[in-house]
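To start, the structure itself, in structure tokens.
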Amino acid sequence: MKYRKFIIFPLFCLALAVLAPVGQAFGAEEIQEEDTKAYRQAYSYILEKRWDEAKKSLENFMQKFKDSGWIDDARFWHCYAREKMEGAIEDVFSCYRDFVKTYKGSKWVDDARSSLIRIGKELAKSGKREYEAIIRTMMEDVDDEIKLTALYALEDIGDEEALEYILKLYDASADRKLRRKIIDILEDFESPLILDKLEEIALNDPDVSLRKQAVYALEDIEGQRTAEILQKVFKNEKDLVVKKAALFALGDLEEEAAAPFLLDIALTEIDDTLARAAVSAIEDIGGEGELEAYRRIFREARSSEAKRMALSQLADSGAPEALPFLREIALGKGDLDSRRRAISNIEDIDSPEAVKVLKDILNTVKEVDLLKAAVYALEDQEGREVARILTDTAINNPEEEVAKAAAYALEDVLEDEDANMLLEVLQKAKFKSVRKAALYSLEDFDEDISIKILGDIIKKENDVDLRRAAVLTLGEIDNEGAVPILYDLAVNDKDVKVRRAAVSALSEIDSPEARKALLKIIGKK
């Protein structure tokens with residue numbers, strides 16, 4: 001429903017507009033107070049548009065800090081988050097209505113009342129005429145600003161007449177708050193005059209907050225002309241926040257014709273904030289040229305932040321077409337951070353081609369951090385080929401850290417029937433730490449298979465530390481089938497460390513047979 005967008009963006013502009021005062025309110029002493037910290041955390045979710053987290057966080061705040069000075073702020077943003085989550089609109093109406101009744105002196109009361117009127121209009125249009133009566137009741141003892149909103153919301157006069165009146169009122173008023181309200185409702189009129197007026201405000205209004213609000217109103221009006229206006233705003237605007245808003249608005253329009261403009265900004269802009277906003281807008285628009293745009297940004301952008309974001313977006317696309325580019329970066333001579341990011345991002349592409357690329361990386365690169373990143377990326381892939389690559393890495397890689405990481409990764413890749421691959425690592429790995437990693441991994445496989453493998457290792461292995469680790473792993477499996485092996489070791493093994501480990505392992509197995517074995521050991525002593 002168009003109404004949704006209409007309500008949300010003006011309020012989000014409002015949120016950004018009050019960010020500075022809120023930040024100032026959290027002073028050095030006050031920030032130590034529990035309620036202030038809790039409110040600031042909840043409010044940050046609002047600014048980040050993380051609505052579900054904001055709702056839950058604000059509900060916790062309202063339950064815990066009923067007497068806080070932030071309680072009215074929390075209750076208002078709670079209603080707002082519920083509205084953004086597109087829940088039952090009648091419930092959102094009730095939320096705002098309760099707020100207006102309870103917090104008459106709050107700085108948010110006018111915004112809540114305006115939301116009430118707009119929501120009531122939609123409910124009345126949908127056939128629930130009782131909401132029109134509720135809104136008319138609210139007309140008593142309200143100021144001219146709210147009457148203006150109600151005038152439009154209830155459609156007491158024709159659209160053209162209302163629009164003419166509102167435009168004149170905007171030009172005549174010096175009250176910033178009233179002018180903000182007028183911008184709020186302009187977008188809902190269907191008239192070519194609206195674009196003209198919003199363009200005029202966005203380009204020429206001396207008040208930066210009103211220019212920014214006009215930009216957010218423009219993003220709700222689809223069309224090529226709107227995109228052209230927003231590009232003009234970006235070029236002419238001096239304020240960083242408004243420029244950023246224009247870029248985000250261009251993305252939300254999803255006009256592919258704006259993509260070349262955004263790409264040029266992403267490539268040439270020095271300011272990291274604006275360059276990142278341009279990359280984000282390219283993602284919102286999408287289209288056939290999106291992946292190529294990310295490639296160019298990574299190679300050519302002046303902003304390092306834009307490069308990083310383009311790389312992440314390229315991988316997040318999950319497109320197999322991104323693999324050759326990610327491979328090129330990983331195997332290239334660029335900085336280690338970019339190469340590591342490229343390797344890590346391959347894990348998001350689930351395909352045999354991705355596995356092949358990761359195998360090439362393991363066979364080619366020398367840097368330990370990059371090799372480990374390739375192992376971790378393989379851990380999120382599936383299939384027997386992945387298991388074979390990790391097994392080979394655990395056995396043959398000359399770097400102990402890399403080989404150990406591969407041994408641990410095998411645990412997440414192998415099926416029960418493939419547990420013998422861990423036995424292969426146990427028998428052939430160069431490093432004791434790798435063999436121990438394979439031992440510890442066995443406790444998560446089929447218990448009968450693991451007990452058999454561990455029993456064989458204990459019999460054939462000469463290294464006392466590894467035998468002791470295998471014995472302790474048998475105890476962690478907590479299966480009665482290990483009791484005969486452990487009892488024999490506790491009684492007969494030549495090494496005292498192994499015998500002690502066997503007794504300890506028996507104590508970890510919760511079964512009558514394990515207890516009998518312990519009693520027999522005590523009796524023998």
Side-chain angles (χ1 to χ4, degrees), residues 3-22 25 39 43 46-47 54 58 62 69-84 89 92-124 131-132 134-156 162 165-167 169-170 172-189 201 205 207-214 216-217 220:
Y3 158 74
R4 284 280 173 208
K5 225 176 177 185
F6 166 50
I7 294 298
I8 295 310
F9 280 102
L11 277 174
F12 187 67
C13 292
L14 178 62
L16 292 176
V18 300
L19 177 59
V22 170
Y39 173 74
Y43 185 75
I46 292 289
L47 296 181
L58 289 165
M62 292 185 293
W70 299 106
I71 191 66
D72 64 314
D73 305 77
R75 288 194 177 276
F76 173 79
W77 290 115
H78 179 248
C79 297
Y80 173 62
R82 289 176 62 185
E83 184 177 1
K84 182 61 176 175
I89 197 64
V92 176
F93 183 92
S94 297
C95 184
Y96 280 126
R97 192 180 186 191
D98 291 343
F99 179 87
V100 169
K101 289 180 179 179
T102 306
Y103 300 101
K104 295 181 179 178
S106 171
K107 65 183 179 182
W108 303 111
V109 71
D110 286 346
D111 297 281
R113 193 181 285 119
S114 295
S115 295
L116 269 175
I117 291 170
R118 295 190 184 101
I119 294 171
K121 170 194 171 184
E122 295 300 320
L123 288 167
Y131 283 92
E132 184 171 342
I134 294 172
I135 296 171
R136 288 186 182 278
T137 301
M138 291 174 59
M139 289 290 293
E140 297 178 5
D141 300 321
V142 297
D143 57 26
D144 289 341
E145 179 182 342
I146 302 304
K147 287 181 180 177
L148 168 67
T149 308
L151 177 68
Y152 170 70
L154 295 176
E155 297 181 339
D156 286 338
Y165 173 77
I166 289 168
L167 293 178
L169 188 58
Y170 184 93
S173 175
D175 187 307
R176 176 196 293 174
K177 195 173 182 181
L178 180 58
R179 299 178 98 194
R180 283 169 50 198
K181 294 290 183 182
I182 293 172
I183 294 173
D184 280 352
I185 65 175
L186 279 180
E187 174 263 333
D188 210 32
F189 284 93
I201 296 170
D205 199 293
D207 190 310
V208 65
S209 68
L210 296 177
R211 296 200 304 274
K212 178 178 63 180
Q213 192 170 355
Y216 280 116
D220 293 334

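Interatomic distance, Leu58 CG to Ile46 CD1, rounded to the nearest 0.5 Å: 5.5 Å. The NE2 atom of His78 lies 10.5 Å from the CD1 atom of Ile71; values are rounded to the nearest 0.5 Å. Between the CD atom in Gln213 and the CG atom in Asp205 there is a gap of 10.0 Å [rounded to 0.5 Å]. Interatomic distance, Arg97 CZ to Arg113 CZ, rounded to the nearest 0.5 Å: 12.5 Å. Once rounded to the nearest 0.5 Å, the distance linking CG of Asp73 with OH of Tyr103 reads 10.0 Å. For the atom pair Cys95 SG and Arg82 CZ, the distance stands at 4.5 Å (nearest 0.5 Å).
Checked against side chain to side chain contact (heavy atoms under 4.5 Å, CB included), Ala124 has the following partners two or more places apart in sequence or in another chain: Arg129, Glu132. Scanning for side-chain hydrogen bond (donor to acceptor under 3.5 Å, both in side chains) contacts around Asp207 gives Arg176, Ser209, with sequence neighbours left out. Under the ring-ring contact (aromatic ring centres under 6.0 Å, His included) criterion, Tyr170 pairs with no residue, sequence neighbours left out.
Two residues are said to be in side-chain contact when any heavy atoms from C-beta on lie closer than 4.5 Å; Glu122 and Ile89 fail this criterion. Residues Glu83 and Ile119 form a side-chain contact, since some pair of their non-hydrogen atoms from C-beta on lies under 4.5 Å apart. Side chains of Asp184 and Lys181 form a contact here, defined as non-hydrogen atoms less than 4.5 Å apart. Two residues are said to be in side-chain contact when any heavy atoms from C-beta on lie closer than 4.5 Å; Asp98 and Arg75 fail this criterion. In this structure, the side chains of Phe93 and Leu116 come closer than 4.5 Å at one or more pairs of heavy atoms.
Across all their heavy atoms, Lys107 and Asp111 have their closest contact at O-OD2, 3.9 Å. The two residues Cys79 and Val92 make their nearest non-hydrogen contact at O-CG1, 4.2 Å.
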>> I'd like to know whether Phe99 forms a ring-ring contact (aromatic ring centres under 6.0 Å, His included) with Trp108, so could you lay out the CA-CA distance, the side-chain angles of the two residues, the decisive distance to 0.1 Å, and finally the verdict.
In response: CA-CA 9 Å; Phe99 179 87; Trp108 303 111; 8.4 Å; no
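By the 30° and 60° cut-offs, the orientation of the rings of Phe76 relative to Tyr96 is tilted.
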